[in-house]
Amino acid sequence: DGGITQSPKYLFRKEGQNVTLSCEQNLNHDAMYWYRQDPGQGLRLIYYSQIVNDFQKGDIAEGYSVSREKKESFPLTVTSAQKNPTAFYLCASSTLDRGKTGYNEQFFGPGTRLTVL
Amino acid sequence: QKEVEQDPGPLSVPEGAIVSLNCTYSNSAFQYFMWYRQYSRKGPELLMYTYSSGNKEDGRFTAQVDKSSKYISLFIRDSQPSDSATYLCATMDSNYQLIWGAGTKLIIKP
């Protein structure tokens with residue numbers, strides 16, 4: 001049963017704390033992504049990775065960090081430098097081969113809702 | 001100006017109605033257009049994608065792209081309460097990264 005898992009589902013953080021969100025996939029996908037979703041806004045890309053031990057900043061990387069030590073795992077750390085971290089965080093993965101369609105479908109996990117107290 | 005504009009709604013229609021969801025985009029170089037459906041507190045899932053202009057049909061769903069006006073649409077026929085969700089349009093830039101609309105919340109009233 002392949003898919004993407006994210007944990008925890010809900011996370012509460014005190015101001016000044018770092019927290020790490022987990023993302024694991026067993027789809028054998030090379031690429032993984034982290035998005036942030038706020039009410040009334042589209043998904044905004046935080047970081048993405050196309051290969052182990054390499055990752056690139058997205059549009060809103062400030063205050064976040066990632067690692068990609070294993071193909072299956074792409075954890076996201078929300079640091080105390082992130083000024084407004086309360087949001088819904090989505091992890092996704094895809095192949096790199098666009099094949100006949102020319103498009104790589106991104107598969108999403110169920111998300112983690114982070115609330116800063 | 002955002003690269004992809006989408007009215008966040010909510011859009012409320014009675015069961016059985018035809019639903020029209022729309023987005024506009026700014027860059028004429030965009031070629032791939034996607035519609036994702038997101039149920040409350042879940043991750044999005046791909047509903048349909050189209051390449052360049054034209055229509056694509058899948059059951060009760062039709063995706064339409066008009067490149068001359070930079071307008072993309074998703075039509076839902078015979079709408080059901082189970083269609084209630086947020087519908088996100090997206091396109092792909094030259095680096096193969098997705099650019100997302102804000103999402104339209106759709107409510108189908110029984």
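Chain letters run A, B, ... following the sequence lines, proteins first and then strands; every chain starts at 1. All of these numbers come straight from a predicted model, not from anything done at the bench.
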Mind checking whether [X] and [Y] sit in one hydrophobic cluster, side chains of I, L, V, M, F, W, Y counted as touching below 4.5 Å?
X	Y	value
B:Met48	B:Leu106	yes
B:Val4	B:Leu11	yes
A:Leu45	A:Leu21	no
B:Met92	A:Phe108	yes
A:Val78	A:Leu11	yes

> Can you name the closest pair of heavy atoms from A:Leu90 and B:Pro44 and give their distance?
Replying inline: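 For A:Leu90 and B:Pro44, the tightest heavy-atom pair comes out as CD1-CD, 3.8 Å.
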
> Any idea which heavy atoms bring A:Gly40 and B:Ala102 closest together, and the distance?
Replying inline: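 Closest approach of A:Gly40 to B:Ala102, heavy atoms only: O-CB, 3.4 Å.
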
>> Can you confirm whether more than 12 heavy atoms, excluding those of B:Ile107, are under 6.0 Å from its CD1 atom?
In response: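 Yes, enclosed.
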
> Around atom CD of A:Glu62, are there more than 12 heavy atoms of other residues, nucleotides or ligands at under 6.0 Å?
Replying inline: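 For A:Glu62, atom CD is not crowded (no more than 12 foreign heavy atoms under 6.0 Å).
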
> Tell me, side chain or backbone of B:Leu88 under 4.5 Å from chain A's heavy atoms, or both, or neither?
Replying inline: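 For B:Leu88, the side chain is the part near chain A, not the backbone.
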
> Which of the residues B:Gly101, B:Pro8, B:Ala90 is involved in the greatest number of heavy-atom pairs with chain A at under 4.5 angstrom?
Replying inline: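 Option with the top pair count is B:Gly101.
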
Give each N or O donor-acceptor pair spanning chain A and chain B at a distance under 3.5 Å, with atom names and distance to 0.1 Å, or state none.
{"from": "A:Gln37", "atom 1": "OE1", "to": "B:Gln38", "atom 2": "NE2", "distance (Å)": "2.9"}
{"from": "A:Gln37", "atom 1": "NE2", "to": "B:Gln38", "atom 2": "OE1", "distance (Å)": "2.9"}
{"from": "A:Thr101", "atom 1": "O", "to": "B:Tyr32", "atom 2": "OH", "distance (Å)": "3.4"}
{"from": "A:Tyr103", "atom 1": "OH", "to": "B:Tyr36", "atom 2": "OH", "distance (Å)": "2.6"}
{"from": "A:Gln106", "atom 1": "N", "to": "B:Tyr36", "atom 2": "OH", "distance (Å)": "3.3"}
{"from": "A:Gln106", "atom 1": "O", "to": "B:Tyr36", "atom 2": "OH", "distance (Å)": "3.3"}

>> Applying a heavy-atom distance below 4.5 Å, give me the residues of residues 63-77 of chain A that approach chain B, sorted by number.
In response: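 Within residues 63-77 of chain A, no residue comes under 4.5 Å of chain B, counting heavy atoms only.
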
> What is the distance from atom CG of A:Leu43 to atom CD1 of B:Ile99, rounded to the nearest 0.5 Å?
Replying inline: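 Between atom CG of A:Leu43 and atom CD1 of B:Ile99 there are 13.0 Å.
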
